[in-house]
Amino acid sequence: MIRFVTIVAMLGAQLASLPGCASNKRESDNITSADLSDSDTWKPVGFSVSGRAIEAITVGRGPARVLVVGGIHGDETEAQPSIGRLVELLGREPGASAATWRVIRDLNPDGTAIGRRANANRIDLNRNFPARNFEKRTRHGDKPFSEPESNLLAKVVRFDRPDLIIAFHSTASGPFVNFDGPGSADAVAFAEGAGTTDPRWRIVPEMGYATPGSLGSYFGQDRGIPILTVEFEREQDPWQVWHALEGGFESLARHLLSQAVERQLK
Ligand SMILES: [Zn+2]
């Protein structure tokens, strides 16, 4: 605990200096008919460039609203085999009382189908959000929200108004959790829980490279929603991944419950 808190405190100053808000709304909208209402079974909330369903499910009945993005880079699928089990976990205690969890199975099913980071238009969805630091490039899109998948995520966020967004990735230097916006306490809770199963789990407050137009930049830094970027180790053993999710989300649920109690006492 002390180790995590120290790291977080050290980087608090850096985070405080991050840029403010910008908006760059897209006029056209690829997903006009999507039904975003909560469903306790998997159902499409939108579609990819190639027409693949992007499925979501909502479990739990707690006061906090949490959005879990199961995948956004199609070559980082380490968490995919555990998504069903994670949904079951969140539907049980302490998850069920802690939050209402919307889980998007995979925001980039076209990329996942061929093991490619980008979507079918070869755009990196995690560079396609209208963050202040968006950079127009071939792989980022001509403009923010040029892709139906990034557009859909923004619609879900507008609909749900989540208190926390969690996205799963993987990297050679994983496993660790990174956060944007006011997500440090959530990151501590997740890393502590995941760390009980694997001591390598740690908090990395800065990715060490620029992430213009990322989900974390836009929703976290610009809009102030706590974001956890959970980075598994690339090709991490699926059971290790599951146990980290189990420990991490149980710990996070207890943290959210204690926050709710604190609010009631105020
Ligand atoms: Zn990634």
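We count residues from 1, following the sequence as given. In listed order, ligands and their atoms are each counted from 1. In what follows, every heavy atom counts, from backbone to side chain, and hydrogens, waters and symmetry copies are set aside.
For His169, the N, O or S atom with the smallest separation from the Zn ion (ligand 1) is ND1. Looking at His73 and the Zn ion (ligand 1) together, the shortest N, O or S contact belongs to ND1.
Between the side chains of Ser170 and Glu78, a donor-acceptor pair is found at a separation under 3.5 Å. Residues Thr100 and Arg65 bring no donor and acceptor atom of their side chains to less than 3.5 Å of each other.
Salt-bridge check for Arg52 with Asp106: failed, with every basic side-chain N at 4.0 Å or more from each acidic carboxylate O.
With Glu147 as reference, Asn119 is the one residue of Asn108, Asn128, Asn119 to meet the side-chain hydrogen bond (donor to acceptor under 3.5 Å, both in side chains) rule.
Put simply, Glu76 gets within reach of the Zn ion (ligand 1), with an N, O or S atom under 2.8 Å from it.
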